[in-house]
Amino acid sequence: MLFPVASNLSRSRGWAILLVGPASTLKRNDPPKRQVRTELYIAGDQAKALFLLLQEQRQAFEQEFGYPLEWEELPTRRDCRISV
């Protein structure tokens, strides 16, 4: 399934947001910590269900990336995220 992609770039803050689908956001954080963080932020009523479906394939994703990913279900919140 293809989703429209939109972006918002803030050069002053060092981050960019790409809207990948109706309930997910890919976010990239840069300095001041001199680190790059990329995350798939899953939002919406179906966030937990989608997170669990992705987590079932955790081993395949981490093998493809070549290192462990951070799987954050955020149990006290509606949303979830997966980051590197």
Side-chain angles (χ1 to χ4, degrees):
M1 179 181 295
L2 297 176
F3 295 106
V5 176
S7 67
N8 179 4
L9 177 63
S10 172
R11 293 179 192 270
S12 63
R13 293 189 179 165
W15 52 268
I17 296 175
L18 299 172
L19 300 177
V20 180
S24 60
T25 304
L26 182 66
K27 182 178 180 182
R28 178 177 170 253
N29 296 320
D30 283 333
K33 295 181 180 180
R34 297 189 183 264
Q35 297 176 337
V36 174
R37 176 184 168 102
T38 302
E39 67 183 36
L40 174 64
Y41 193 87
I42 308 164
D45 294 336
Q46 300 297 317
K48 298 294 183 187
L50 180 56
F51 179 83
L52 293 175
L53 286 172
L54 293 171
Q55 197 171 37
E56 288 176 3
Q57 301 175 57
R58 179 179 185 159
Q59 186 176 11
F61 285 122
E62 292 181 349
Q63 185 176 354
E64 183 71 24
F65 276 91
Y67 45 83
L69 303 175
E70 293 181 41
W71 296 80
E72 301 173 72
E73 187 175 357
L74 308 174
T76 61
R77 297 175 57 189
R78 179 188 67 170
D79 304 340
C80 307
R81 71 177 153 238
I82 305 165
S83 60
V84 293

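From a predicted model like this one, the values you see are computed outputs, not experimental measurements. Along the sequence shown, residues are numbered consecutively beginning with 1.
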Could you pull out all donor-acceptor pairs under 3.5 Å where a side-chain atom in residues 50-61 meets a protein atom, sequence neighbours excluded?
| from | atom 1 | to | atom 2 | distance (Å) |
| --- | --- | --- | --- | --- |
| Arg58 | NE | Glu62 | OE2 | 3.1 |

Side-chain donor-acceptor contacts of residues 74-83 below 3.5 Å, not counting sequence neighbours, with atom names and distances?
| from | atom 1 | to | atom 2 | distance (Å) |
| --- | --- | --- | --- | --- |
| Arg77 | NH2 | Tyr41 | OH | 2.8 |
| Asp79 | OD1 | Gly44 | N | 3.4 |
| Asp79 | OD2 | Tyr41 | OH | 3.0 |
| Arg81 | NE | Glu72 | OE1 | 3.2 |
| Arg81 | NE | Glu72 | OE2 | 3.3 |
| Arg81 | NH2 | Glu72 | OE1 | 3.4 |
| Ser83 | OG | Arg37 | NH2 | 3.3 |

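- Within a 6.0 Å sphere centred on CD of Gln63, heavy atoms belonging to other residues, nucleotides or ligands number 12 at most.
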